Protein chains: 2
Amino acid sequence: MTQSVGAPVAGVGVGMGNAGSPKPDTKELILDAAERLFAEKSYASVSLRELTAAAGVNLAAVNYHFGSKDALLIAVFRRGAVALNKERARLLRDAEERAGGGTPPLREIVEALVVPSIRYSFTSTRLALYNQFVAFARGDGPPEAREMLDKDVGHLQRFVLPLARALPHLPQQELYWRLHFMMGVQHSLYTDMKRLETLSGGQCHLDNLDAVAARVVDFVIAGLEAPYRAPGG
Amino acid sequence: MTQSVGAPVAGVGVGMGNAGSPKPDTKELILDAAERLFAEKSYASVSLRELTAAAGVNLAAVNYHFGSKDALLIAVFRRGAVALNKERARLLRDAEERAGGGTPPLREIVEALVVPSIRYSFTSTRLALYNQFVAFARGDGPPEAREMLDKDVGHLQRFVLPLARALPHLPQQELYWRLHFMMGVQHSLYTDMKRLETLSGGQCHLDNLDAVAARVVDFVIAGLEAPYRAPGG
DNA sequence: GTTAAATTCAAACACTTGTTTAAGTCAATC
DNA sequence: GATTGACTTAAACAAGTGTTTGAATTTAAC
């Protein structure tokens with residue numbers, strides 16, 4: 001708010017479209033390091049000195065390019081959420097086109113929702129900070145963080161109607177619950193893999209993407225298709 | 001390590017069994033406040049000044065009674081984990097006795113595992129710090145924290161054999177995965193309820209314990225019983 | 001009622017935190 | 001080649017951190 005000189009703070013750059021990467025951009029170096037460290041440790045426990053050292057940039061670079069540590073966290077989360085939701089939307093659209101205006105098979109809807117995040121859990125730690133971001137947004141975080149979470153729910157909303165059509169035996173309220181459980185299952189892939197590894201004595205890892213995706217989808221579809229029992233019945 | 005006077009640090013008290021609570025014990029006041037604040041915000045973002053103020057005790061009380069802030073977090077997690085695992089073990093034992101040495105019904109095994117944590121998600125925020133504790137233990141946390149997580153997995157191991165007997169169509173590796181997914185579903189009850197509420201437009205809450213438990217158990221049982229497809233088949 | 005231990009308290013400690021500043025560097029423009 | 005603006009740098013800043021101290025107070029035992 002008391003910025004004196006022309007710092008970008010949250011701008012998109014001066015004009016260069018940033019296509020290709022001719023040299024390691026400081027901004028992205030910071031985002032990458034932050035994504036990794038915030039996920040491995042936690043937002044509050046990673047100092048800007050540790051973070052900038054890991055990124056190989058100067059301490060002041062974070063405040064210069066993002067404005068504050070809080071704004072950096074939001075930027076990290078935004079970058080991940082945008083990429084994830086874009087891929088989910090694309091897969092869902094493809095499935096709907098294949099169905100020719102009709103209702104896509106349940107399996108394809110579920111895959112559109114869970115496969116992108118499974119893919120990310122193989123290639124990056126991007127998603128592991130979701131829970132931390134939730135805590136941050138609901139705690140001392142700025143309102144902008146809360147709005148981002150709401151927007152994320154909005155993208156999820158896109159899946160409600162297709163799911164409802166594919167699961168006509170479920171009242172809408174029950175559908176919301178089961179969609180929520182479904183998200184919980186895929187969360188288990190990047191919040192707790194260490195537990196699965198020790199539980200299984202090292203038998204189970206994130207090794208084969210297709211195999212893991214099939215496991216998740218089979219489990220989730222069975223849960224979604226479970227017969228509905230009216231409460232108190 | 002350089003303790004000069006006789007501070008308890010991690011002792012169980014001088015001899016009074018602490019049965020009943022004649023007056024608010026400082027130690028438990030701290031544990032209660034820490035449990036709530038660590039879960040709502042995060043371990044690293046809650047200062048001891050904020051915490052002790054919320055608990056209504058002196059700043060130095062944490063270091064006097066627990067030794068350090070890290071040791072306090074461990075104590076909080078231990079208290080919750082012990083209570084939870086004790087109740088789970090009791091329910092499983094009851095189910096096994098009802099089965100008279102045979103294999104209890106799948107539903108009762110699942111209920112023994114998930115109902116206690118669902119109950120806690122109604123009455124306290126105790127479990128919401130699980131993910132945070134995992135991050136802490138795997139990050140800068142002391143080895144004692146890691147051992148606690150391993151012990152927690154040990155209690156989970158207790159359920160593997162009964163589940164395997166109730167689900168004879170599953171290879172053991174697949175069983176581990178599905179048990180892991182099952183934990184993910186119940187995690188969704190205390191890490192992300194806000195998302196479910198906004199997603200459903202306020203229709204879904206944690207209102208009725210039995211109804212929620214039934215939903216979770218139905219979903220999970222269907223997932224566990226899903227037919228097994230050999231990978232690549 | 002005295003003694004001794006356990007606990008509480010306010011104050012200070014050494015240190016780290018996120019942030020800011022002002023001088024410096026570098027590349028491009030005219 | 002001077003000028004402008006974007007960016008980097010090292011140093012400093014004020015505020016907050018977990019922890020320690022030593023005296024005051026409470027508690028229990030004899």
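Below, chain A is the first sequence line, B the second, and so on; all start at residue 1. No experiment lies behind these values; they were computed from the predicted model shown. Values below: every heavy atom of this structure, side chains too, minus hydrogens, waters and symmetry copies.
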Report task. Whole angstrom is fine here: how far is it from CG in A:Leu73 over to C1' in C:dT19? Result -> 17 Å
Report task. Mind calculating the distance between CD1 (A:Ile30) and C1' (D:dC7) to the nearest angstrom? Result -> 11 Å
Query raised in the report: Going by atom types alone, do B:Tyr130 and B:Asp152 pair a side-chain donor with an acceptor below 3.5 Å?
Result: no
Determine all donor-acceptor pairs shorter than 3.5 Å in which one atom belongs to a side chain in residues 205-215 of chain B; sequence neighbours excluded.
| from | atom 1 | to | atom 2 | distance (Å) |
| --- | --- | --- | --- | --- |
| B:His205 | NE2 | B:Gly202 | O | 2.9 |
| B:Asn208 | OD1 | B:Asp210 | N | 2.9 |
| B:Asn208 | OD1 | B:Ala211 | N | 3.3 |
| B:Arg215 | NH1 | A:Glu174 | OE1 | 2.6 |

Query raised in the report: Thinking salt bridges, do B:Asp150 and B:Arg146 make one under a 4.0 Å N-O criterion?
Result: no
**Report entry** Length of the OH-P vector between B:Tyr64 and D:dG18, whole Å
**Finding:** 21 Å
Query raised in the report: For A:Asn63 and D:dA10, what is the distance between atoms CG and P respectively, to the nearest whole Å?
Result: 16 Å
Query raised in the report: Could you state the CZ-P distance from B:Phe66 to C:dA6, rounded to the nearest angstrom?
Result: 17 Å
Report summary line: So, with a heavy-atom separation below 4.0 Å from DNA chain D, the residues of residues 42-52 of chain B are B:Val46, B:Ser47, B:Leu48, B:Arg49
Report task. Could you tell me whether the phosphate oxygens of C:dT8, OP1 or OP2, come under 4.0 Å of any side-chain nitrogen or oxygen in B:Thr26? Result -> yes
Query raised in the report: A:His65 has an atom NE2; how far is it from atom C1' of D:dT8, in whole Å?
Result: 8 Å
Query raised in the report: Can you tell which of A:Leu156, A:Leu91, A:Leu92 makes a side-chain contact (heavy atoms from CB on, under 4.5 Å) with A:Leu113?
Result: A:Leu156
Report task. Quickly work out the B:Asp25 CG to C:dA6 P distance and round it to whole Å. Result -> 15 Å
Report summary line: Whole-Å distance, B:Leu59 CG to C:dC13 P, equals 16 Å
Query raised in the report: With a 4.0 Å cut-off, would you call B:Arg119 and B:Glu87 a salt bridge?
Result: yes
Query raised in the report: Hey, is the side chain of B:Asn58 poking within less than 4.0 Å of OP1 or OP2 on C:dA10, counting only N and O atoms?
Result: yes
Query - For B:Arg195, all residues meeting salt bridge (Lys or Arg N to Asp or Glu O under 4.0 Å), sequence neighbours excluded - result: B:Asp192
